[in-house]
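Quick notes on the structure that follows.
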There are 2 protein chains.
Amino acid sequence: MVISSTRSLPDLCDVKTVDDRKILATRRTMRSPEAVMLLAETFKSLGDPNRLRIVWALSREELCVCDLAAALGMSQSAVSHSLRALRQLRLVRYRKENKIAYYKLDDAHIAHLVADGFEHVEELL
Amino acid sequence: MVISSTRSLPDLCDVKTVDDRKILATRRTMRSPEAVMLLAETFKSLGDPNRLRIVWALSREELCVCDLAAALGMSQSAVSHSLRALRQLRLVRYRKENKIAYYKLDDAHIAHLVADGFEHVEELL
DNA sequence: CCACTATATGAACACCTGTTCATGTGAGCG
DNA sequence: CGCTCACATGAACAGGTGTTCATATAGTGG
């Protein structure tokens, strides 16, 4: 059901017929700009095939940079750059044992997110 | 525990000490390249703040292009371009009623994914 | 038909991303 | 020490991304 606009809302759209109730209800359920930005950055990080593979690998067990590079066929530098991005978003963390940095997921939520994602896409293939 | 490599694996990394067991176990749990690519593209789509807001809005109720534009303060063109990207990944679908295109999420998985994501990031803020 | 409305789309452009290459750091070891 | 190893990082470059602007399409009502 489309309701002709009462023009009670400012013209943010070049379209003439809007449903004010839907627009206000939609705005009310929106998350804060900070939450949107942070989640978008999180998804963007997972939106690179190599970073996604890294996260998926780390969701199984703790791995060092060189194990990741060898397992995924990536250069050490590329892995390290990717891990920094994931670290800055607090998706992964690491502990250092001598020279070796062992990385793992910072939060179990991330593992669930990626697992759910794979479940979803594997239905589409 | 780090095991010196037996060099049974090809040198995919410039590092000399690897754990062959971990590397092989990691490779075994990797998803197919197609699944990885598709999921990465899905996450990348959700990795734009505006597309994320669109998906979040559509997870509540069906909306037309112009309602989305008005509610989110975006241009009609930007909304339409964003929706096309989401459509191509089968994240949203639409039905046409006369001139108006009503969009909604194609799959309930996506709503769960985004909701879980917000739950995660709102713990970090 | 013509005007208007809702949406889609192509082009263009500034901006951002991910890799490689080269080099830096810092810990262990002979 | 000096060397090697594990990892980090800066620069730079090709390729990709999201927006705007202009225009197209298609349905609707006079």
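Treat the numbers as computed from the prediction; the structure is a model and nothing was measured. First the proteins, then the strands, lettered A, B, ... as listed; each starts at 1. Note: hydrogens, waters and symmetry copies are ignored here, and every other heavy atom, side chains too, is used.
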Taking only side-chain N and O atoms of [X], does any of them lie within less than 4.0 angstrom of OP1 or OP2 on [N]?
X	N	answer
A/Tyr94	D/dA8	no
B/Ser75	D/dT20	yes
A/Asn50	C/dG18	no
B/Tyr103	C/dA8	yes

| message | Can you work out whether A/Ser45 or A/Asn98 has the more 5'-proximal nearest nucleotide on DNA chain C? | response | A/Ser45

From [options], nucleotide with atom closest to [X] side chain:
X	options	value
B/Arg84	D/dC7, D/dT28, C/dG10	C/dG10
A/Gln76	C/dT19, C/dA8, D/dA8	D/dA8
A/Lys99	C/dG28, D/dG27, D/dT19	C/dG28
B/Ser77	C/dT19, D/dC7, D/dA22	D/dA22
B/Arg51	D/dT9, D/dG18, C/dT7	D/dG18

Give the rounded distance in Å between these two atoms: [atom1] of [X] and [atom2] of [N].
X	N	atom1	atom2	value
A/Phe43	D/dT17	CZ	P	18 Å
B/Lys44	D/dG16	NZ	P	9 Å
A/His81	D/dG10	NE2	P	9 Å
A/Leu46	C/dT17	CG	C1'	15 Å
A/Arg95	D/dA6	CZ	C1'	15 Å
B/Asp48	C/dC15	CG	C1'	13 Å
B/Asp67	C/dT7	CG	P	8 Å
A/Leu52	C/dG18	CG	C1'	15 Å

| message | Is the ring pair A/His120/B/His109 parallel, tilted or perpendicular, if the boundaries are 30 and 60 degrees? | response | perpendicular

| query | Looking at A/Leu39 and B/Val114, what are the two nearest heavy atoms and their distance? | reply | CD2-O, 3.9 Å

| task | Answer with yes or no whether the hydrophobic clustering places B/Leu124 together with B/Leu52; edges join I, L, V, M, F, W, Y residues whose side-chain heavy atoms lie under 4.5 Å apart. | result | yes

| Contact class for B/Lys96 (heavy atom, under 4.0 Å): base, sugar-phosphate, or nothing? | nothing

| request: Answer yes or no: does atom CZ of B/Arg60 have more than 12 heavy-atom neighbours from other residues, nucleotides or ligands under 6.0 Å? | output: yes

